[in-house]
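Because only heavy atoms are used, hydrogens play no part in the values below, and waters and symmetry mates are left out as well, while side chains stay in.
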Amino acid sequence: MLYFRFELWAVPPLLEAIETPNGKAVKKLPRGEIDLFNGILLDWKGQGERAMELIGRALEQIPAESIGIRNEAEIYYAVSSQTAG
């Protein structure tokens, strides 16, 4: 929801909480989605090359049947390639 409301400032603490709830590492995570949102944040910061790496990795991990999130990833991969130059 924060992403769609352009409240991107609130996303990093949520991603950190997902990855290490209560300070403990989690073994099974939605790694593709986490990489996607970290990549989107990097793209907004102007770090297109690093964003492409994370979003590319996300595309490798997000299942083909997850059409909506894959579409977002494809769009942001293209956008980050433009940011990277």
Side-chain angles (χ1 to χ4, degrees):
M1 213 48 205
L2 295 168
Y3 165 75
F4 290 110
R5 291 173 36 191
F6 299 104
E7 295 178 359
L8 298 179
W9 57 268
V11 174
L14 290 175
L15 292 174
E16 186 176 328
I18 290 168
E19 291 181 289
T20 55
N22 300 321
K24 299 176 184 174
V26 178
K27 292 183 182 179
K28 180 109 170 122
L29 290 170
R31 191 78 253 163
E33 288 84 348
I34 290 170
D35 286 345
L36 173 60
F37 280 102
N38 279 318
I40 290 170
L41 292 169
L42 286 171
D43 186 63
W44 278 91
K45 291 179 180 180
Q47 298 177 28
E49 289 182 22
R50 180 69 179 126
M52 283 178 64
E53 290 175 26
L54 286 176
I55 297 169
R57 194 166 73 193
L59 284 165
E60 293 172 0
Q61 298 174 66
I62 298 171
E65 51 275 354
S66 298
I67 297 169
I69 194 74
R70 283 194 64 83
N71 286 345
E72 287 291 316
E74 293 283 354
I75 290 167
Y76 269 99
Y77 188 82
V79 170
S80 64
S81 72
Q82 295 298 309
T83 302

Q.
Checking one residue: Leu42. Which other hydrophobic residues are in its cluster under the side-chain 4.5 Å linking rule?
A. Leu54
Q) Taking only residues two or more places apart in sequence, or in another chain, which ones meet Arg31 in a salt bridge (Lys or Arg N to Asp or Glu O under 4.0 Å)? A) Glu19, Asp35
Q | Distance in Å, Arg70 CZ paired with Gln61 CD, rounded so as to fall on 0.5 Å steps | A | 11.0 Å
Q: Find the distance between OG (Ser80) and CD (Glu53) and round it off to the nearest 0.5 Å.
A: 10.0 Å
Q | Between CZ on residue Phe37 and OH on residue Tyr76, distance to nearest 0.5 Å | A | 9.0 Å
Q.
List the residues meeting side-chain hydrogen bond (donor to acceptor under 3.5 Å, both in side chains) with Glu60, not counting sequence neighbours, and say none if there are none.
A. none
Q) Can you tell me how far CD1 of Ile62 sits from CG of Asn71, rounded to the nearest 0.5 angstrom? A) 10.5 Å
**Q.** Atom pair CG/CG of Asn38 and Asp43 - distance to nearest 0.5 Å
**A.** 12.5 Å
Q.
On a heavy-atom basis, which atom in Met52 and which in Ser81 lie closest, and how many Å separate them?
A. SD-CA, 3.4 Å
Q) Quick one: CG on Leu59 to CD on Glu72, what's the gap to the nearest 0.5 Å? A) 11.5 Å
